[in-house]
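We're numbering straight along the sequence, starting at 1.
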Amino acid sequence: ASSYDVQAVESKWLPVWEDLDPFRADDEVVRSGERPKYYALTMFPYPSGDLHMGHAEVMALHDVIARYRRMQGYEVLNPMGWDSFGLNAENAAIKQDEHPATFTYANIETQYESFKRYATAFDWSRRLHTSDPEYYHWTQWLFLKFRERGLAYRKLSPVNWCPQDQTVLANEQVVDGRCERCGAEVTKRELTQWYFKITEYAERLLRDLEPLEERWPDRVVHSQRNWIGRSEGAHVAFAVEGRDEPVTVYTTRPDTLFGATFMVVAADAHLAAELVTDEQRPAYEAYLAEVRKSSEIERMATDRPKTGVFLGVHATNPVTGERIPVWAADYVLADYGTGAIMAVPGGDQRDYEFAKAHDLPIIYTVQPPEGFEESGGEAYAGAGPAINSANDEVSLNGLEVADAKRTIIDWLVAKGLGTAAVNYRLRDWLLSRQRFWGAPIPIIHCPACGEVPVPEDQLPVVLPDNLKGADLKPKGVSPLAAAEEWVNVDCPTCGGPAKRDSDTMDTFVDSSWYFLRFCSPGNDQMAFDPEQVRLWGPVDQYVGGVEHAVLHLLYARFFTKVLHDMGLLDFTEPFQALLGQGVVINQGKKMSKSLGNGISLGEQLELYGVDAVRLTLVFASPPEDNIDWADVSPAGSVRFLQRAWRLSGDVTSEPGTDPTTGDAVLRKATHRTIHDATALLEGHRFNVVVARVMELVNATRKAIDSGCGPADPAVREATETVAILLSLVAPYTAEDMWERLGHEPSVAQVAWPAVDEALLVEESVTAVVQIQGKVKARIEVAPDVSDADLEAAAMADADVVRAIDGREVRRVIVRAPKLVNIVV
Ligand code: ANZ
Ligand code: ZN
């Protein structure tokens, strides 16, 4: 064909690639040392519909990396699968009166076909779905292993409850007090739930972020740090009247202890109910009922009046000996620190407002600067020397905050009243969900034996396939609890009647280890083969959305560390490098149904073809930036691809023609492009790579039409380079060009072109000739000119000869290629 037909090119190459399977990763090649491994991974999708523009972007970017590394000589593992459990399918199933599997696997097939058409460089032989029993068998096994190590446990505690989805949520799934999925305001409920003890790994999760700083986006590292939220302070014990045990508080400001004028216990902590006197109990219970009704959003609002109730008891401030009242309030959180605080209204704004509202004393313990209005309605949280802070034994007065902290902690330790303490904001990971479409928790509850793990040889615990539609409607308990046949079993230990745990696991459990499964997919003896993971792991480059900063990316790091500690992994971090792509927006706004500004990927592909859409997405901006579809031109991409493709039809030299005799100007442009593209690819500046290929296409066109002509070997070299570079972004066009240039498919399998360094050398440089220190001439010389040649050229220059004017040359200093200094 002499004109570029997008449809024809696509339908021509798709089946050829299907046969060639050029992206299959070969274990043997790596094991034998023939090629080094490279593990390229992109976040696997939920099968919630067909692929959309967001997928198209991330896959286009990820493909550039995978294809480039392959051409560089790596054996690339680039697998793909589906994160196929979750509420999405379950809600759709309820609406359509189906089993969630029906919806899930239909969507997977649709997405699979779309991935293929989109020409992604995946090794499909490793495909997995987290909702397959073959996969969740091992999710369940891992759960049991974590439990054996004391890292999975059950406890009763107030949990985040989404009234819309009728299920509990992990802290990470509550965003600004709302359900991350449906946006409903989250409330609290007291429930017995399963947790992973991620807090035991808090310090390591924090410490190991440091080496990631170089190769992970700042934003992600920063939010993980904040989320783990390490703080240093002290535990201080307060004696409480009528109680043997003291109440311990966590404070980051032990230096302010002299200003602790009251205590506050979280209203919904058990401690509050324990402490309250009979007299105050009715008031407390009324208050607690109010607190329970309010959502997290209301409770966290800073401008909210500081409500609370006196518990009727007093404690003793350990440094002042003062009797201080103990209150309950909702601004103190039950699950942070110890759930109780020493209130220092002079130093903490929340305490200050509470003190004002309830008429409690305020003492400043740090000297505020000149001009600070003590009655201006504010606590002073800044630096300065301690004041009002002395008793008979210890004085902090005059000490700056850090010194004061040290001094008071030493005193508390000596008195047996406190210790230095580190606290983390990170909570344990709540993993159980009262929903159907997830991996069942492999535990059996027996009235006689208690919690009994399902024996390993009875895994997987498979979901029942006879539930659908209304059976799955949320009722507050898992639909599995109502599935009599499924839930009632014999106890594996005593044989008596027992019940299966009817909760399923958070889908983030499934995705915390999928990158390991890809190394030995289909293994029915283990979750992953440690030998195979040694071969391929860890992931060299991960590509995906940074909205997962504190969810998936933290959980996967936690799993990796635990599995390392179990002796199953050599490494402790799963993802060596992370690229977080921007999002595709339209007309300045996020695409949404309500705004009606959605762009259908399918339509774009019909209109412009796969290559043009991919090219547009890669060319639009640096990968991390958002792309506004209103600002880009897929039609322009089509025109460029046509221009590139036409070159391949114009080349008249034979394949294999030695390029070294070709046109020097074009050859230099070609090799400069290869050289720069390599550096740009390493730096993930893919959009600039595209711009450079566009320039090379123009240079080649010019050489054909008005330069050396189509038969010149340099034209072939340039066009082949265009095809190879373009194959990272526009695989169909590149493959077709490659064939028209007389080669066998696939261009994806050729080696990255080598740069001829000699062709990178600059043409000439300007040398300055001075006589008696004054510039007399400038001459053009080769950059690698020798001192002797440069001196000869200078002495022969007409201006120099005139300037010397016959005088005797006493000395010549030469600094090739820049300077000649002549002394006469
Ligand atoms: C006395 C004090 C004086 C405090 C002062 C601060 C300033 P971070 O940095 O986030 O760890 N706190 C402790 N447990 C709490 C809970 N369960 N709910 C609400 N607040 C709690 O915060 C630690 C500080 O937050 C602690 O230090 C405590 O107040 C409060 F001038 O103690 B501080
Ligand atoms: Zn039993």
Side-chain angles (χ1 to χ4, degrees), residues 38 40 57 59-74 76 78 119 121 540-541 543 577 579 581 611-612 614-625 636-637 640-641 643-645 647-648 651 659 662-703 714-738 741 743 746-762:
Y38 190 92
E57 187 202 3
M59 296 309 156
L61 296 170
H62 176 75
D63 236 43
V64 172
I65 297 173
R67 288 169 179 269
Y68 167 61
R69 293 296 176 201
R70 192 205 150 93
M71 287 184 158
Q72 271 196 322
Y74 291 96
V76 175
N78 183 27
D540 294 284
Q541 179 70 60
V543 179
L579 175 64
Q581 90 283 358
D611 280 0
R614 290 175 55 135
L615 185 90
T616 304
L617 288 164
V618 175
F619 184 47
S621 68
E624 299 84 359
D625 291 3
S637 297
F640 162 68
L641 290 171
R643 231 176 16 253
W645 183 86
L647 296 177
S648 62
V651 172
D663 178 70
V665 176
L666 184 57
R667 292 207 74 210
K668 281 181 178 162
T670 301
H671 284 261
R672 172 61 59 191
T673 304
I674 300 167
H675 171 270
D676 292 357
T678 310
L680 290 163
L681 285 160
E682 294 294 337
H684 294 165
R685 294 173 62 205
F686 310 142
N687 56 324
V688 188
V689 174
V690 173
R692 300 302 306 274
V693 176
M694 289 174 169
E695 284 167 24
L696 184 58
V697 167
N698 291 343
T700 313
R701 171 51 54 205
K702 207 169 128 205
V715 168
R716 165 169 285 278
E717 185 184 37
T719 307
E720 290 188 352
T721 301
V722 167
I724 292 170
L725 268 53
L726 207 53
S727 76
L728 306 183
V729 186
Y732 287 106
T733 310
E735 194 74 271
D736 216 54
M737 287 176 73
W738 197 241
L741 286 161
H743 297 291
S746 166
V747 65
Q749 288 167 308
V750 307
W752 189 246
V755 175
D756 183 343
E757 297 288 334
L759 291 167
L760 300 182
V761 172
E762 297 293 334

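Counting only residues at least two apart or on different chains, the side chain to side chain donor-acceptor pair (under 3.5 Å) pairs with a member in residues 748-761 are Thr678-Trp752.
In Arg672, the CZ atom is crowded: over 12 heavy atoms of neighbouring residues, nucleotides or ligands sit closer than 6.0 Å.
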Residues Leu579, Glu624; criterion side chain to side chain contact (heavy atoms under 4.5 Å, CB included); working and verdict: CA-CA 8 Å; Leu579 175 64; Glu624 299 84 359; 3.5 Å; yes

Candidate pair His743 and Val750, rule side chain to side chain contact (heavy atoms under 4.5 Å, CB included), full reasoning: CA-CA 10 Å; His743 297 291; Val750 307; over 6 Å; no

Stepwise side chain to side chain contact (heavy atoms under 4.5 Å, CB included) test for His684 and Val64: CA-CA 9 Å; His684 294 165; Val64 172; over 6 Å; no

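Annotation for Pro753 and Ile724: closest pair CD-CG2, 3.8 Å, computed over non-hydrogen atoms. Closest non-hydrogen pair, Ala703 versus Val715, comes out as CB-CG2, 4.4 Å. When all heavy atoms of Leu726 and Ala734 are compared, the closest pair comes out as C-CB, 4.1 Å. Between Met737 and Ala644, the shortest heavy-atom distance links the atoms CE-O, 3.2 Å. Ala723 and Leu741 get closest at one heavy-atom pair: CB-CD1, 4.5 Å. The shortest heavy-atom contact between Leu696 and Ala718 is CD2-O, 4.1 Å.
Considering only heavy atoms from C-beta on, Glu735 comes within 4.5 Å of Ser746 through its side chain. Counting heavy atoms from C-beta on, the side chains of Tyr38 and Gln72 never come closer than 4.5 Å. For the pair Arg643 and Phe640, the minimum side-chain heavy-atom distance is below 4.5 Å. Residues Met71 and Leu728 have side chains in contact (heavy-atom distance under 4.5 Å, counting atoms from C-beta outward). Val651 is not listed as a side-chain neighbour of Glu720, based on a closest heavy-atom distance of 4.5 Å or more. Residues Leu61 and Leu617 are not in side-chain contact: their nearest non-hydrogen atoms beyond the backbone lie 4.5 Å or more apart. Side chains of Phe686 and Leu680 form no contact here, defined as non-hydrogen atoms less than 4.5 Å apart.
Atom CG in Leu681 sits 13.5 Å away from atom CZ in Arg67 (nearest 0.5 Å). Taken to the nearest 0.5 Å, the CG atom of Leu641 stands 6.0 Å off from the CG atom of Asp611. Going from atom CE of Met59 over to atom CD of Gln581 covers 8.5 Å, rounded to the nearest 0.5 Å. If you take OG on Ser621 and CZ on Arg685, they are separated by 13.0 Å, rounding to the nearest 0.5 Å. Separating the CE atom in Met694 from the CZ atom in Arg692 is a distance of 13.0 Å, to the nearest 0.5 Å.
Side-chain contact check for Ser637 and Thr616: at least one donor-acceptor pair (N or O, by modelled atom type) lies under 3.5 Å. His671 and Glu717 share a donor-acceptor pair across their side chains, judged by distance under 3.5 Å alone.
In this structure, the side chain of Asn78 does not engage the main chain of Ala66 through any donor-acceptor pair within 3.5 Å. A donor-acceptor pair is defined here as one N or O able to donate and one able to accept, closer than 3.5 Å; no such pair exists between the side chain of Asp663 and the backbone of Ala714.
Under the rule for a side-chain hydrogen bond (donor to acceptor under 3.5 Å, both in side chains), Thr721 has no partner lying at least two apart in sequence or in another chain.
Using a 4.0 Å cut-off between charged side-chain N and carboxylate O, Arg69 and Asp540 make no salt bridge.
Across Thr673, Ile674, Thr670, a single residue satisfies side chain to side chain contact (heavy atoms under 4.5 Å, CB included) together with Val755, and that is Ile674.
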